[in-house]
Structure formats: structure tokens, C-alpha cells
**Student:** 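Handing you a structure now.
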Amino acid sequence: MEISLSNFTVAASSHSGEGGDTFGEKTKPLAELNDLGVHAKKHVGVGVSVREGVGADSVGVSVREGDGTGSVGVSVREGVGADSVGVSVREGVDADSVGVFASEDVVQSTHDKVIAGYWLVKAVLDVALNRGANKNKLFRGTGIFEDALEPDSLISIKQYHLLLTNVQSQTKGADVSFLLGSALATQWLHSPMHVLQTCDTLEALLTHLVQQQTFRWCSIPFCQFQCFTTSHKVMLIPQLTVGGAKLAQFVSEVSFASIVALLKGIAKQRVSVSFNFTCARPKNIADFETHLGLKVAFNCPFNSMCIEKRALNEPMSTPVIHSPNMVTDKELGRYRLFERYPLISLPDYVRCHVYQTISAHNMGSALPELAEKLAISPATLKRKLKEFNTSYRQLSEEVWRNYALVLLSVHKANNEEAARQMGINDLPNFRRTVKRLTGKTPSELRLSNA
């Protein structure tokens, strides 16, 4: 059993000779992206590796040797049983540190302007105006002025959140989220994301797209993906930058549709992808199938996007596209988006911190320790998270809920093993915790189809 908790990264790295159980970045695209002005940090990343002599069904989370204190790796530990999951931190690494991002790289306010708004706003207008929205009402309260937007313009998380809220309330049609995701994807050739066509495999493309913060702020700024890797699939679970149930499903649909369209647009091939949704089967099922494909399931334990590993190794043989309106390599250097690279939102940083508690098998609150790392008081941290419409407790429970769901519904771990991995000493407490986090018993989760 192999799980990759690899979403809080700048560049995902893979080791040569590790076989097919890696989901990481290839060396060539990283070098080319650096040359083009996308300054990915080579020593800050996540990798997945399987050690020799370890069963394929074992899992471990550890920081790898030689990657530096700023790296996080996921690997199977030596001596771990074939049906067990292990979490560890190797020697020389501070188990309590987040490590991936420095505090100055954390977007701590929704008013910080970090989103490449030019292309996103253009896509919103293209869709919303065709679905009955009024332009003035779309921009009302956002502080966004269309005539002031330039290719290097940045907007804040708060502004984009208000814009999407206006889109959702003013447009007609249940397919607006999918249309918006597809429209976002059409902008890739004219935005900094055009450098993604230098990737030589779908694996490298997907890694850049869903894990590198630069491209995240260009395309799907409200969604960060938690990546789990099984023996045959890569599973991406969306985690939202701004909390709240009103936009949650809408943003997930936008993000999924955007990734599918980007894979088709850049790779010039349709990738076999399956999707799981927690919602009941909707009336507009045809919209899901049109934009996401026929492999869509509902009433699932969590929202997710799954891609077969064998598809990730397929080469991208399409030539580099040049267009008169395409952003040139030299222009990339002037984008303010790259000046503060990398940037991670505060909720994502908190989730990253919570992942560190998994290695210590500690379900207790670590909010004071996290506040200290950010050089702010616990009260200030709570206030800043409230600005994102969330809390430390909500984010922490989200992390543990996903962990429990993958252990029980995907890998079908028994209660003893799952309890051990979650750091719970007695089975009655484990069952109560799982029921509280997921709404279902461990037995019910094992019977579910994830």
C-alpha cells in the first residue's frame, strides 16, 4: 500500500531507477522552466520512492536523505509489513518543522494580490456574459476594473472570491462551472503557462500543473490538490483555499474541468481520467460527462480525480507552439507573479503543518507551534484563518479525514492497522474518531467504492 501526501510542493522530484511507482518531475522540463524564468527550487520538493525489499502494499512518509531540510519525501520504509502503512522522519530532519516554505512565502491575507488576474477575469467574462450576466454587476464590490487589467496584473484572493460568487449568482445554467474551467484552459497559450508545453511526459505536465504554486495562481488559484499514489493510480483530492460550502462544489468542478481541458490542450491527447464526487447524482449528469468524460461516480467518500499511472508515462511529442500573442520567454521575467515565487496560501500551509503531526502520530492541536513558525501570535493566526473562512480545527480535521478515508475506503486497511497509523491507541476511540470525521463507521468505509 503506497500513499503519497505530496501536494505542498514547489517542484516534485523523482529518483532514477525507482520504477513505475513515482509521481514526480522530470529533470529536463525543470531545467527548461528555470531557463524560461520559472524559478523552481530544486531542493524544495516532494518525491515518492519504493525501497528494495519492501512489499508493494506498504506505505511510509519520510523526509529523504540528501534533499535538504526544505524537502519532503514519501517512501516505503525498510522492514514494514506488506499490509502496513508507516510514517517516519529520517535522521537529521526536524520532525516538527513544516520545512517546505519559509514564512515570508505564505500568503497570510485574502487581500494579498497573488493571482494572475488578467487571464482569469477574461475567462470569467467570456462565460458569464454569454450566460446572461451583467458586466457591471459581475464586478460590483470586487474592486476589479476591466480597463485597468494588464497581462502582469495581480488580483487578490478576496477579489477573485467575490467575482466567482457574483458569477454563481448571476449566470444561468448548471454547466457554468464546467464552461468556466474550459475557458480558463483556453488562456494557457497566452499566459505564463505556455512553458508547460516543454514537458516531455504527461507525468511532468501534471506535476507542474497541480503542484507548482506559480501555475496554480495562473489557473486554479482556489484549489490545491492532495496527491495520493496507489499501485496503479494517482489520485488527486481537491482542497480549497477559501472555505465555505456555497462555492465548494462549484470550485471543484471548475478545477477538474480546467485540468482536463489543459491536459487536452497542451498534450493534444485525451487522457483517461475518472472522477468521484461526494454529491448525489445530479440532474445535469450530461454536463459532467461532456466536460469530464464518462467515468464519473457520485455518493463517494470524497471528491477526487484519478489517472492511471501507465498514462502518465506517455510521451508528449507535440512541437512547441508559437503564436504572435503568446507570452515570450523574456516577458516572463517582468511578471510580478514570479518575483515572490513560491507562494502558498495560509490554509495550505496549515494543512502542510498538520501532515507533520501525522509522522508523530499526534492528533492534538499544534496551533501554537505553527503560529511561532509564522512569527505571529496564536490569536493572530486564528484571525487570519477566519479571513479565509476556515479555522485550524477545520483544516486539521480535513487532513485527518482524508487520511482515514484513503486508509479505509481505498486501501481497505483493518481497524488495528488504521488506528496505529492515525496514532490512536484503542479501537473504540478509533471507531468514534472515524465516525466523527467521516460520518461513517470503518466497516462502512471499507464497503464504499472509492
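Please read these numbers as outputs of a predicted model, since none were measured by experiment.
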**Student:** Verify the distance criterion only: is there a donor paired with an acceptor across the side chains of Asp287 and Thr290 at less than 3.5 Å?
**Tutor:**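 Absent: no donor and acceptor within the cut-off.
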**Student:** Below 4.5 Å, heavy atoms only, C-beta onward: do Phe388 and His161 meet side chain to side chain?
**Tutor:** no
**Student:** Ignoring hydrogens and angles, state whether a donor on the side chain of Asn415 or Arg446 is under 3.5 Å from an acceptor on the partner side chain.
**Tutor:** yes
**Student:** Given Phe288, which partner from the list Phe256, Phe277, Phe275 fulfils the ring-ring contact (aromatic ring centres under 6.0 Å, His included) test?
**Tutor:**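 Output: one option passes, namely Phe277.
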**Student:** List the steps, then state whether side chain to side chain donor-acceptor pair (under 3.5 Å) holds for Asn134 with Gln170.
**Tutor:** CA-CA 8 Å; Asn134 178 280; Gln170 295 182 34; over 6 Å; no
**Student:** Whether the Gln249 and Glu253 side chains hold a donor-acceptor pair (N or O, under 3.5 Å, no angle test) is what I'd like checked.
**Tutor:** yes
**Student:** Hey, are Gln239 and Asp348 close enough side-chain-wise for a donor-acceptor pair under 3.5 Å?
**Tutor:** no
**Student:** Does a side-chain N-to-carboxylate-O contact under 4.0 Å join Glu417 and Arg420?
**Tutor:** yes
**Student:** For Ser109 and Glu387, test the side chains for any donor-to-acceptor distance below 3.5 angstrom and give the result as yes or no.
**Tutor:**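 The criterion, which ignores hydrogens and geometry beyond distance, is satisfied for Glu387 and Ser109.
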**Student:** Among side-chain atoms of Arg216 and Thr241, is any donor-acceptor pair under 3.5 angstrom?
**Tutor:** yes
**Student:** Using the rule side-chain contact (heavy atoms from CB on, under 4.5 Å), only one of Ser219, Ser177, Cys223 pairs with Val254; which is it?
**Tutor:**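 The passing option is Ser177.
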**Student:** With the threshold set at 4.0 Å, does a side-chain nitrogen-carboxylate oxygen contact exist between Arg436 and Glu397?
**Tutor:** yes
**Student:** Taking atom types as modelled and ignoring hydrogens, do the side chains of Tyr403 and Glu398 form a donor-acceptor contact shorter than 3.5 angstrom?
**Tutor:** no
**Student:** Applying side chain to side chain donor-acceptor pair (under 3.5 Å) to Thr165 and Lys246, what does each step give before you reach the verdict?
**Tutor:** CA-CA 9 Å; Thr165 301; Lys246 186 175 181 180; over 6 Å; no
